[in-house]
Amino acid sequence: MSPRRNRPKGGDQPTAPTGGPGDRFGLGRTETYQGEEWSVRHVSGASAQGKRYRCPGCDQEIPSGVPHVVAWPEYGGVDDRRHWHKACWNAKDRRTSRVQRSRNAPRY
């Protein structure tokens, strides 16, 4: 018995990636979130060695070297940038903003 094939048989061409060129090359794009336009950039995490960020979507830490998303309001400044897990950014509209923190937890 031969191993199962995970690709379609026949002459079907593989589909192109769903993201635009900005997703592959680290270029930004604009998305709407909470009634505002947000600039969004996917980063590989390789340039942030030694840095750790806190994801506002899940309130968990993003370790250094992990690919993630950087988003900021279109007309915001450097201080408005937030680092998100990719899954958290994609699910931002389905999540509630009620994050439970302990009394002594740091607020990033």
What distance do W38 atom CH2 and R81 atom CZ have between them, rounded to the nearest 0.5 Å? 12.5 Å
Are R52 and I62 side-chain neighbours, meaning at least one heavy-atom pair lies under 4.5 Å? no
Is there a side-chain contact between V43 and V69, using heavy atoms and a 4.5 Å cut-off? no
Side chains of E31 and E74: does their closest heavy-atom pair fall under 4.5 Å? no
Tell me yes or no: between the side chains of E37 and T30, is some donor less than 3.5 Å from an acceptor? no
Flag the pair Y75 / E36 as yes when at least one side-chain heavy-atom distance between them is below 4.5 Å, and no otherwise. no
Taking all non-hydrogen atoms of both residues, which atom of P56 and which atom of W84 are closest, and how far apart? CG-CE2, 3.4 Å
Taking the six-membered ring for Trp, are W89 and Y33 closer than 6.0 Å centroid to centroid? yes
For H68 and H83, I'd like to know if the aromatic rings sit close, meaning centre-to-centre distance below 6.0 Å. yes
Would you check if D59 and R54 make a side-chain contact, meaning some heavy-atom pair closer than 4.5 Å? yes
Mind checking whether H42 and K86 have side chains closer than 4.5 Å, heavy atoms only? yes
